[in-house]
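Here's the structure, in structure tokens; my notes come after.
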Amino acid sequence: MTSPRIGVLALQGDVREHLAALEAAGAHAVPVRRAGELAAVDGLVLPGGESTTIGKLLVAFDLLAQLRELVGSGLPVYGSCAGMVLLADRVADAHGPLVGGMDVTVRRNAFGRQVDSFEEDLLAPGLGIVDAPLRAVYIRAPWVEEAGDGVEVLARVRSGPAAGRIVAARQGALLVTAFHPEISDDARVHRAFVDLVRAHA
Ligand SMILES: NC(=O)CC[C@H](N)C(=O)O
């Protein structure tokens, strides 16, 4: 599979940016809104946006059960920000429907109500980000509060009051980041995900 077909869930959120980043990373990227489209992808991105809204829309578009089943059967999925919330098995505060699949507890808007956004340079060897740091942009971002034994921690916040918090993780074919690489014009996280999709094909 030279150019895997990777979908971006296109119900709400920053879909276009992910489609562009996936194409830059060597994938054939397609928006996904229907069951037939979801059934035809080798991997899926759950974009940033509003996790409660995306959860409700997954129910309204009749995609939630299918997506849970695909996650259960090993479909590679990358969740960024709101997408990370949706892939969590547990959310610290009340939440509507989740996709689940990753053995983590996530806290929404974890950087604090005053902190709408926060940026820093990040290295994440597990994501192939070794020499030049990635500009990590957090927008009303969640963090992983607790991770189960099977979860590989890929990055932690380096500075400020949130220092040490987990902001990137992987479990099997599921990848999550609290930040938004799709808006930093840096395709390395998407490239790591495309590699993950290839490895699971
Ligand atoms: N940029 C984002 O995706 C924000 C996520 C949003 N705060 C949520 O919990 O759904």
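What you see below is based on every heavy atom in this structure, not just the backbone, and it leaves out hydrogens, waters and symmetry mates. Atoms within each ligand, like the ligands themselves, are counted from 1 in listed order.
The N/O atoms of Thr52, backbone and side chain alike, include none that comes under 3.5 Å of an N/O atom in ligand 1. Checked against a 3.5 angstrom limit, the closest N/O atoms of Ile139 and ligand 1 fall inside it.
Taking the six-membered ring for Trp, Tyr138 and His180 have ring centres at least 6.0 Å apart.
The Gly48 neighbourhood of ligand 1 comprises atoms 3 (O), with distances under 4.0 Å to a heavy atom of that residue. Ligand 1 places these atoms under 4.0 Å from at least one heavy atom of Asn109: 7 (N). Near Ser51, with a cut-off below 4.0 Å to any heavy atom, the atoms of ligand 1 are 8 (C), 9 (O), 10 (O).
Between Phe193 and Tyr78, the ring planes lie tilted relative to each other; the angle falls in the 30° to 60° range.
Of the options Gly49, Ala82, Ala141, the smallest heavy-atom separation from atom 4 (C) of ligand 1 is shown by Gly49.
Distance from atom 2 (C) of ligand 1 to its nearest protein heavy atom, with residue and atom name: Cys81 SG, 2.8 Å. Of the protein's non-hydrogen atoms, the one nearest atom 9 (O) of ligand 1 is Arg108 NE, 2.7 Å.
Within the 4.5 Å cutoff, side-chain heavy atoms of Asp93 are placed close to those of Val91. Contact check for Val30 versus Val8: no side-chain heavy atoms found under the 4.5 Å cut-off.
A donor-acceptor contact under 3.5 angstrom links the side chains of Glu120 and Ser159, judged on distance only. Side-chain contact, His95 with Thr52: no donor N or O sits under 3.5 Å from an acceptor N or O.
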